[in-house]
Amino acid sequence: MIVSPTPAGLGFFEGSLTLVLTSMDIPIGYAAIITLAYRGITFWLTLLFGVISLRVLEHPGKLHEVKPEEVIGD
């Protein structure tokens with residue numbers, strides 16, 4: 001277990017995963033690309049989805065204007 005002083009191990013995780021991949025005979029360039037792609041998908045992309053979801057929930061727009069009769073079809 002690695003303990004990191006940064007949130008979600010930013011920086012430490014990338015360095016560690018790159019070293020682990022290079023120890024498995026993966027070239028350092030490919031290891032860095034794999035590591036950054038993994039971090040981009042697991043951390044930054046989910047953060048982006050969360051921000052978008054928060055904005056939609058804060059400002060629902062037309063969701064409040066729809067009447068139940070319009071949805072049911074009466």
Side-chain angles (χ1 to χ4, degrees):
M1 178 176 176
I2 298 174
V3 178
S4 171
T6 60
L10 287 175
F12 294 98
F13 174 79
E14 286 83 359
S16 300
L17 185 58
T18 303
L19 287 174
V20 167
L21 291 174
T22 55
S23 72
M24 296 173 17
D25 294 329
I26 296 175
I28 194 162
Y30 290 133
I33 291 171
I34 292 168
T35 301
L36 293 177
Y38 177 78
R39 179 57 90 172
I41 292 168
T42 61
F43 186 78
W44 295 111
L45 190 61
T46 55
L47 182 67
L48 177 65
F49 288 154
V51 169
I52 291 170
S53 300
L54 182 64
R55 299 294 287 171
V56 168
L57 291 173
E58 285 180 342
H59 306 288
K62 297 190 178 222
L63 292 178
H64 288 298
E65 297 174 8
V66 176
K67 298 176 184 171
E69 297 84 27
E70 295 174 358
V71 175
I72 297 172
D74 291 334

> Could you give all pairs that pass the side-chain hydrogen bond (donor to acceptor under 3.5 Å, both in side chains) test and reach residues 20-36, with sequence neighbours left out?
Replying inline: Thr18-Thr35
> If you measure from CD1 on Ile52 to CG on Leu47, what distance do you get to the nearest 0.5 Å?
Replying inline: 10.0 Å
>> Going by salt bridge (Lys or Arg N to Asp or Glu O under 4.0 Å), name the pairs with one or both residues in residues 38-53, residues two or more places apart or in two chains.
In response: Glu14-Arg39
> Going from CD1 on Ile34 to CG on Leu21, what distance comes out if it is rounded to the nearest 0.5 angstrom?
Replying inline: 5.5 Å
>> List the residues meeting ring-ring contact (aromatic ring centres under 6.0 Å, His included) with Tyr38, not counting sequence neighbours, and say none if there are none.
In response: Phe13
> How about Leu45: does its CG atom have over 12 heavy atoms from other parts shown lying under 6.0 Å from it?
Replying inline: yes
> Should Ile33 and Leu17 be regarded as members of a common hydrophobic cluster, given that ILVMFWY residues are connected when their side-chain heavy atoms come within less than 4.5 Å of each other, either directly or indirectly?
Replying inline: no
